[in-house]
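The structure appears below as structure tokens.
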Amino acid sequence: MSRADASAADEVHDREGADGDGGDDGGPGDMAAQARFALETLAELDAGNGVSLPRLAKRTGLRVSVLLRLYTLMSDARVGDEQGPGWVRLHVDEDGRWIARITPVGRGDEAPAAGDGESAA
């Protein structure tokens, strides 16, 4: 998988808080593993058209609500003062289904946008 995978779990864990209380599915190790597994599974299944969250839930064994939380943190959504990394895009299709797509940045095909590391001067 891409170099983004290793930091995906850490970043999701960091956003959940230092106590590791990610909600209803365990401690910090579980959250990091879930984030990594969710991103890897999305990368594997997404052939350019996106993947429905119910399909991903069935494949990963994680609930749709857990996947929605993880993928939101991996998207470019702003959570508090933190801008997400933009690895995943979420949208609702015309039938009302949640669809996740991995971005080129999430695959490691593109460098992160300016400001995500060293400052561009």
Side-chain angles (χ1 to χ4, degrees):
M1 194 58 210
S2 73
R3 60 186 162 81
D5 289 341
S7 60
D10 294 336
E11 185 162 333
V12 169
H13 169 55
D14 289 346
R15 288 173 177 222
E16 287 299 315
D19 64 354
D21 185 15
D24 45 17
D25 289 309
D30 290 342
M31 187 69 169
Q34 288 174 350
R36 183 176 297 113
F37 186 53
L39 189 62
E40 288 173 353
T41 304
L42 178 58
E44 176 186 327
L45 296 177
D46 188 359
N49 296 325
V51 184
S52 72
L53 290 188
R55 180 176 177 207
L56 286 160
K58 190 172 193 176
R59 186 67 169 281
T60 62
L62 298 171
R63 293 189 308 247
V64 169
S65 62
V66 172
L67 290 171
L68 187 58
R69 180 178 65 226
L70 291 171
Y71 290 143
T72 297
L73 291 173
M74 291 184 217
S75 75
D76 61 358
R78 183 169 290 283
V79 178
D81 293 336
E82 297 290 321
Q83 180 79 31
W87 298 329
V88 175
R89 285 205 181 97
L90 289 167
H91 75 278
V92 179
D93 71 5
E94 59 276 354
D95 295 326
R97 291 177 297 193
W98 279 97
I99 304 294
R101 290 188 175 159
I102 192 159
T103 66
V105 173
R107 286 193 189 279
D109 296 342
E110 291 182 8
D116 288 349
E118 298 178 10
S119 58

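Just so you know, residue 1 is the first one in the sequence shown, and it goes up from there.
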Hey, quick one: are Val64 and Ile99 part of the same hydrophobic cluster, counting side-chain heavy atoms closer than 4.5 Å, chains of contacts allowed?
no

Please list, chain by chain and in numerical order, all residues satisfying salt bridge (charged side-chain N to carboxylate O under 4.0 Å, His left out) with Asp81, sequence neighbours excluded.
none

Using the test side-chain contact (heavy atoms from CB on, under 4.5 Å), find all partners of Ala100 that sit at least two apart in sequence or belong to another chain.
Leu42, Leu53, Leu56, Tyr71, Val88, Leu90

Verdict with reasoning, Thr60 to Gln34, per side chain to side chain contact (heavy atoms under 4.5 Å, CB included)
CA-CA 9 Å; Thr60 62; Gln34 288 174 350; over 6 Å; no

Leu62 CG to Leu70 CG distance, which is reported to the nearest 0.5 Å:
7.0 Å

Could you give all pairs that pass the salt bridge (charged side-chain N to carboxylate O under 4.0 Å, His left out) test and reach residues 49-61, with sequence neighbours left out?
Glu44-Arg59

Rounded to the nearest 0.5 angstrom, the CG-OG1 distance for Asp46 and Thr41 is 12.0 Å

All heavy atoms of Ala43 vs all of Arg107, minimum pair found to be O-NH1, 3.3 Å

Over all atoms of both residues, closest heavy-atom pair of Arg63 and Ala57:
C-CB, 4.3 Å

All heavy atoms of Ala38 vs all of Leu67, minimum pair found to be CB-CD2, 3.9 Å

Please examine the side chains of Trp98 and Leu68, heavy atoms only from C-beta on, and report whether any two atoms are closer than 4.5 Å.
yes

Under a 3.5 Å distance rule, please check whether Ser75 uses its side chain to pair with a backbone N or O of Gly86 as donor and acceptor.
no

Is there a side-chain contact between Glu82 and Leu73, using heavy atoms and a 4.5 Å cut-off?
no

Once salt bridge (charged side-chain N to carboxylate O under 4.0 Å, His left out) is applied, what residue pairs with a partner in residues 86-96 remain, sequence neighbours excluded?
Asp93-Arg97, Asp95-Arg97

